Amino acid sequence: MIKALHKMAAAVPSVIHWFRLDLRIHDNLALRNAINEAENRKYLLRPIYVLDPDIKNKVGVNRLRFLIQSLQDLDINLRKLNTRLYVIRGKADEKIPELFDEWQVKYLTQQLDIDPEYVEKDCVIEKVAEKKDIFIVKRVQHTVYDCNSVLKKNNGSVPLTYQKFLSLASELPVKECIEIKKQIPDSSNPSDFESHDYDVPSLSDLGIDDSTLVACKYAGGETEGLKRLDMYMARKDWVCKFEKPNSFPNSLEPSTTVLSPYISHGCVSSKLFYHKLKEVENGRKHTEPPVSLMGQLMWREFYYTAGTGTENFDKMKGNSVCTQIPWGKNDEHLKAWAEGRTGYPFVDAIMRQLKQEGWIHHLARHMVACFLTRGDLWISWEQGAKVFEDYLLDYDWSLNAGNWMWLSASAFFYKYFRVYSPVAFGKKTDKEGLYIKKYVPELNKYPVAFIYEPWKAPKEVQQRAGCVIGVGYPKRIVDHDKIHKENMQKMAAAYKANKEKKAQRPLKRKRSD
DNA sequence: GGTGGCGTTGTGATA
DNA sequence: ATATCACAACGCCAC
């Protein structure tokens, strides 16, 4: 009996929607395409997510938790439509070709991604699909604009300034959001609909010891994300007055929306965010890009466009927009930075918040990124980007690379002599050092006068505060006042070398002509 | 093709 | 509190 059912099921072809960084129902054209295709052709529908069993070695535990929560929520929301999420455990480029045969796949829909890791796997899968005559549909839905259209408008070259990007984008249309309203018919569901083999795994299923996890501050999922979006969009006055540079990197609770993890995972559609912002701004006096909330969304578009149009965007070598800088290597310094024990309390507080909570304010990212690269430690931005990839809930391939290049003055931003002071910068918005005391608790008995520079406290003050520098809290690994000036010289030299190289290039071309 | 204006968010001193 | 300046002087882009 069961065998017969399976045989029948196998005979009916399938449509797959492959969820990737589009972990949502709303504004998901590729998903709707799959649903409609299944219904119209009387095929079976399989919304899948492919989970690499190796993922815990690639993604930090906080982001993994966010992902699992997002998948759980996605499954719940799909079941409301009378389908479900089929989680496939394995490597996409191996598993999906297998499924093509097992499920008699005729049609596959997915979101277009630009992360080279995805693109590489997609190529393998596309080749197999072509042989088997499987139709693949890719939809642009991770960004507001189609980045390739922006590039086309700029005659194929990458806009290197934000204002240039804005002027290009302003001439492009923004599509409306997609809704899925009707229920999926029972006939679209395969016979193994109820199978637990495809259930969303728990963290412990993936070999993560729950007791090692810190409290969850930002829960993943479309439902949470939309709730957060609605909560902030309801604060119309706040939205219209939003100016990023006037928000606080070191408030005890976030001074910005923390929508970024939801947008990076696709729990919230960037296009939905766009339309909601337009709705709030409409008819009201409001701030403008680059500082406005809309401006923040456009920064994301800017980096996505640059990432789409630039080879090796996440590397220094072979990256046409990236100034070549002879960064040094110091694994001890890198580790001290990553673990929040540089001896600079503000830097350490930020890095510890990042590791614990998976989110830090944009300006806090500026502080620690500048410190790691051109400011103090003279370590490559690629190293920093890897640490951020591990810790950030909102890790996003092109934004991470783009922002790291910005802060290291490798691309987009060039005033390398503007160096953030690990002592002065935080004081502007937190004179008392409350943020430091929260995340570097060993210093919480330090007098305000020394909280940003505890090494300056007299020994008896250190002892009275119960934390002697070099014992309870590390000594500074570098002297900022000295080293940032040396680094500035190195930056000047790197820029000079780069300029000379550039000046040579047109000459060479002329000779070969 | 040269050049001046400008660039999301610096620091520290001085008025 | 807030503004301006020196610091040393970047690259992109529009004109």
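A quick note: this is a predicted structure, and the numbers were derived from the prediction, not measured. So you know, we letter chains A, B, ... as the sequences are listed, proteins then strands, and number each from 1.
- Rounding to whole angstrom units, CD of residue A:E288 and P of B:dG7 are separated by 14 Å.
- When the P atom is compared between B:dG4 and C:dA8, the two are found 22 Å apart, to the nearest whole Å.
- A:K459 is not listed as a side-chain neighbour of A:I469, based on a closest heavy-atom distance of 4.5 Å or more.
- For the OP1/OP2 pair of B:dG10 and a distance below 4.0 Å, the side-chain nitrogens and oxygens of A:K428 include no atom meeting the criterion.
- Rounded to an integer number of Å, the gap from CG of A:L399 to P of B:dT8 is 16 Å.
- Under the side-chain contact (heavy atoms from CB on, under 4.5 Å) criterion, A:C177 pairs with A:D27, A:K271, A:L272, A:H275, sequence neighbours left out.
- Atom-to-atom, CG of A:N246 to P of C:dT2 comes out at 11 Å; the value is rounded to the nearest Å.
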Could you pull out all donor-acceptor pairs under 3.5 Å where a side-chain atom in residues 140-151 of chain A meets a protein atom, sequence neighbours excluded?
from	atom 1	to	atom 2	distance (Å)
A:Q141	OE1	A:L29	N	3.0
A:Q141	OE1	A:A30	N	3.3
A:Q141	NE2	A:D22	OD2	3.4
A:Q141	NE2	A:N28	OD1	2.9
A:H142	ND1	A:L21	O	3.3
A:H142	ND1	A:Q111	NE2	3.4
A:H142	NE2	A:R300	NH2	3.1
A:H142	NE2	A:Y304	OH	3.3
A:T143	OG1	A:Y145	O	2.7
A:D146	OD1	A:N148	N	3.0
A:D146	OD2	A:S149	OG	3.3

Next on the checklist: Can you give me the dot-bracket string for DNA chain B, 5' to 3', counting Watson-Crick and G-U wobble pairs with both distances under 3.5 Å, using [ ] for crossing pairs and | for partners on another strand?
Outcome noted: .||||||..||||||

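- In this structure A:N330 satisfies the side chain to side chain donor-acceptor pair (under 3.5 Å) test together with A:H333, sequence neighbours excluded.
- In this structure, the NE2 atom of A:H480 is 7 Å from the P atom of B:dG12, given to the nearest Å.
- Using modelled atom types, one finds no donor on one side chain facing an acceptor on the other under 3.5 Å when comparing A:D390 with A:Y395.
- Residues meeting the ring-ring contact (aromatic ring centres under 6.0 Å, His included) test with A:Y452, sequence neighbours left out: none.
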Side-chain donor-acceptor pairs of residues 363-378 of chain A under 3.5 Å, sequence neighbours excluded:
from	atom 1	to	atom 2	distance (Å)
A:R365	NE	A:I360	O	2.9
A:R365	NH1	A:D394	OD1	3.2
A:R365	NH1	A:D394	OD2	3.3
A:R365	NH2	A:I360	O	2.9
A:R365	NH2	A:D394	OD2	2.8
A:H366	ND1	A:Y420	OH	2.8
A:H366	NE2	A:H362	NE2	3.0
A:T373	OG1	A:A369	O	2.8
A:R374	NE	A:L407	O	2.6
A:R374	NH1	A:Y416	O	2.9
A:R374	NH1	A:R418	O	2.8
A:R374	NH2	A:L407	O	3.4
A:R374	NH2	A:R418	O	3.2
A:D376	OD1	A:H480	ND1	3.2
A:D376	OD2	A:H480	ND1	2.6
A:W378	NE1	A:P326	O	3.0

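- Protein atom CG of A:D481 is 10 Å distant from nucleotide atom P of B:dA13, rounded to whole Å.
- Applying the side chain to side chain donor-acceptor pair (under 3.5 Å) criterion to A:D314, with sequence neighbours excluded, gives A:W397.
- With both ends at atom P, the span from C:dA9 to C:dC13 equals 23 Å, rounded to whole Å.
- By the side chain to side chain donor-acceptor pair (under 3.5 Å) test, A:N57 pairs with A:D54, sequence neighbours left out.
- Atom C1' of nucleotide B:dT9 and atom CZ of A:F242 are separated by 11 Å, given to the nearest angstrom.
- Among A:W299, A:F165, A:F302, A:Y162, the one residue that satisfies the ring pair (Phe, Tyr, Trp, His ring centres under 6.0 Å) test with A:F412 is A:F302.
- In this view, A:V258 and A:Y218, A:R228, A:P254, A:P261, A:W359 satisfy the side-chain contact (heavy atoms from CB on, under 4.5 Å) rule, not counting sequence neighbours.
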Checklist outcome for this item: Heavy-atom contacts, protein to nucleotides 4-11 of chain C, under 4.0 Å, summarised as B (base), S (sugar-phosphate only) or - (none) per nt, yield ------BS

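- Separation of the C1' atoms belonging to B:dG1 and C:dC12 is 15 Å when rounded to the nearest angstrom.
- Going from atom NZ of A:K244 over to atom P of B:dG7 covers 18 Å, rounded to whole Å.
- Between A:L297 atom CG and B:dT8 atom C1' the separation is 15 Å, expressed in whole Å.
- Within residues 144-171 of chain A, the residues approaching DNA chain C are A:L160, A:T161, A:K164, by heavy-atom distance under 4.0 Å.
- Not counting sequence neighbours, A:K152 has no partner by the side-chain contact (heavy atoms from CB on, under 4.5 Å) test.
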